[in-house]
Amino acid sequence: MQFETNRLILRPRRMDDFDACLAMDKAPGVLDFIRGPWDDEDAHRTFIAARIKQDYGKGLGYWSIFTKHNPDHFMGWMLLIPEDAVGPDIEIGWRLHPDHHGKGIGFEAGCAIVDHAFANVGLDRIVARIDRRNLASCRLAEKLGMRARNQDDGDVFYELTHAEYRAKR
């Protein structure tokens with residue numbers, strides 16, 4: 001399933017996006033607050049490939065983000081998958097190349113995925129676990145209508161229920 005917004009195209013992430021995903025991850029600051037196998041090149045590559053190839057269920061997955069005026073230029077991705085790829089909660093997440101920070105790209109793409117989560121997939125809620133030091137991602141979660149529910153291990157747990165989503169639309 002592909003989405004279009006005013007400025008963006010979000011299409012399912014595929015192996016053609018692998019090199020761009022890896023390059024984005026290596027850009028300064030991108031992985032500062034994200035746990036993963038980033039220091040081991042082989043493990044990092046294996047992680048990205050596995051996430052691209054995995055089937056997360058109907059209506060779920062990763063979407064690569066491109067602008068309409070340059071549909072071959074990878075900007076980042078959004079996800080809607082079982083939390084940590086295992087669930088049971090369904091998480092929303094994002095990663096953007098630093099060249100695209102602060103331009104409303106995350107919010108615009110995030111709105112498309114939130115709408116999809118509730119209107120098409122029929123979820124009761126979505127969650128996001130964000131390192132509390134990642135202020136930009138915390139602000140984006142809140143701008144998308146998510147509320148901080150609690151904190152643990154330095155992370156903030158955000159949630160948006162279908163009822164909250166309906167009330168804000």
Side-chain angles (χ1 to χ4, degrees), residues 1-5 8-67 71-101 105-106 108-118 120-134 136-138 140-141 144 146 152-160:
M1 179 174 284
Q2 181 169 300
F3 307 101
E4 289 192 25
T5 68
L8 307 174
I9 297 170
L10 286 77
R11 64 147 172 81
R13 190 166 75 157
R14 55 189 189 223
M15 285 305 292
D16 291 354
D17 302 326
F18 180 89
D19 290 337
C21 289
L22 188 61
M24 176 182 64
D25 284 356
K26 291 181 178 186
V30 170
L31 299 176
D32 287 356
F33 305 112
I34 303 168
R35 292 180 201 92
W38 321 134
D39 293 333
D40 178 325
E41 180 74 19
D42 290 335
H44 189 168
R45 295 174 73 82
T46 299
F47 179 88
I48 292 172
R51 287 289 179 108
I52 290 172
K53 293 175 183 176
Q54 186 168 341
D55 180 358
Y56 298 98
K58 187 174 181 181
L60 303 179
Y62 281 76
W63 290 268
S64 293
I65 305 169
F66 304 88
T67 62
D72 295 324
H73 179 71
F74 176 87
M75 299 170 65
W77 50 254
M78 296 291 302
L79 65 76
L80 187 66
I81 65 171
E83 188 175 22
D84 286 334
V86 294
D89 289 325
I90 302 298
E91 70 174 309
I92 186 173
W94 46 84
R95 195 170 301 166
L96 292 175
H97 190 281
D99 291 349
H100 306 292
H101 289 179
I105 302 298
E108 191 170 329
C111 285
I113 299 302
V114 169
D115 290 346
H116 170 67
F118 294 120
N120 299 331
V121 183
L123 297 176
D124 291 326
R125 75 179 188 141
I126 56 174
V127 300
R129 183 176 301 274
I130 302 171
D131 185 302
R132 65 178 164 72
R133 298 168 298 165
N134 189 345
S137 281
C138 289
L140 178 54
L144 290 171
M146 303 184 86
D152 66 350
D153 297 329
D155 290 339
V156 181
F157 180 79
Y158 286 90
E159 176 183 64
L160 177 62

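As the structure is a computational prediction, the values presented were derived from the model and not from experiment.
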What distance separates D39 CG from L31 CG, expressed to the nearest 0.5 Å?
9.0 Å
CG of L10 to CE of M1, rounded to nearest 0.5 Å, is 12.5 Å
W63 side chain vs L80 backbone, donor-acceptor pair below 3.5 Å:
no
Can you tell me how far apart OH (Y62) and CD1 (I81) are? Round to the nearest 0.5 Å.
4.0 Å
Are any non-hydrogen side-chain atoms of D19 and F74 less than 4.5 angstrom apart?
no
For P12 and D17, the nearest pair of non-hydrogen atoms, with its separation, is O-OD2, 4.3 Å
For Q54, all residues meeting side-chain contact (heavy atoms from CB on, under 4.5 Å), sequence neighbours excluded:
Y56, A85
Looking at every non-hydrogen atom in both residues, tell me the closest pair between C138 and I130 and how far apart they are.
SG-CG2, 3.7 Å
Do the side chains of C21 and R13 get nearer than 4.5 Å, heavy atoms only?
yes
Just by distance, do the side chain of D153 and the backbone of D155 share a donor-acceptor pair under 3.5 Å?
no
By the definition side-chain contact (heavy atoms from CB on, under 4.5 Å), identify the one residue from L140, V156, I126 that meets it with M146.
I126
Testing the basics here: between M24 and G76, what is the closest heavy-atom pair and its distance to 0.1 Å?
SD-CA, 3.7 Å
Determine whether more than 12 heavy atoms belonging to other residues, nucleotides or ligands lie under 6.0 Å from atom CG of D152.
yes
Between P37 and F47, what is the shortest heavy-atom contact and its length?
CG-CB, 3.8 Å
F66: which residues meet the ring pair (Phe, Tyr, Trp, His ring centres under 6.0 Å) condition with it, sequence neighbours left out?
none
Between I65 and H100, is a side-chain contact (heavy atoms from CB on, under 4.5 Å) present by the stated rule, with each step listed?
CA-CA 11 Å; I65 305 169; H100 306 292; over 6 Å; no
Spacing of I52 atom CD1 and S64 atom OG [to the nearest 0.5 Å]
7.5 Å
Pairs of donor and acceptor atoms involving the side chains of residues 90-97, under 3.5 Å and at least two apart or interchain, shall be tabulated with distances.
| unit_1 | atom_1 | unit_2 | atom_2 | d |
| --- | --- | --- | --- | --- |
| E91 | OE2 | D84 | N | 2.7 |
| W94 | NE1 | S137 | OG | 3.0 |
| R95 | NH1 | D25 | OD1 | 2.8 |
| R95 | NH1 | D25 | OD2 | 3.3 |
| H97 | ND1 | D99 | N | 3.0 |

Output for pair (H101 NE2, M75 CE), nearest 0.5 Å, gives 10.0 Å
Would you mind reporting whether K26 and E41 have side-chain heavy atoms less than 4.5 Å apart?
yes
Over all atoms of both residues, closest heavy-atom pair of L160 and F118:
O-CZ, 3.4 Å
Pair T67, H73 - check side-chain contact (heavy atoms from CB on, under 4.5 Å), show working.
CA-CA 7 Å; T67 62; H73 179 71; 5.5 Å; no
Atom CG of D32: over 12 foreign heavy atoms under 6.0 Å
yes
Could you check V127 against F157 for side-chain contact (heavy atoms from CB on, under 4.5 Å), going step by step and ending with a plain yes or no?
CA-CA 7 Å; V127 300; F157 180 79; 3.4 Å; yes
Heavy-atom donor-acceptor pair, D115 side chain to A112 backbone, under 3.5 Å
no
Side-chain heavy atoms of K58 within contact of V121, under 4.5 Å
no
Shortest non-hydrogen contact from A109 toward M78:
CB-CG, 3.7 Å
Between the CZ atom in F3 and the CD atom in E108, the distance rounded to the nearest 0.5 Å is 13.5 Å
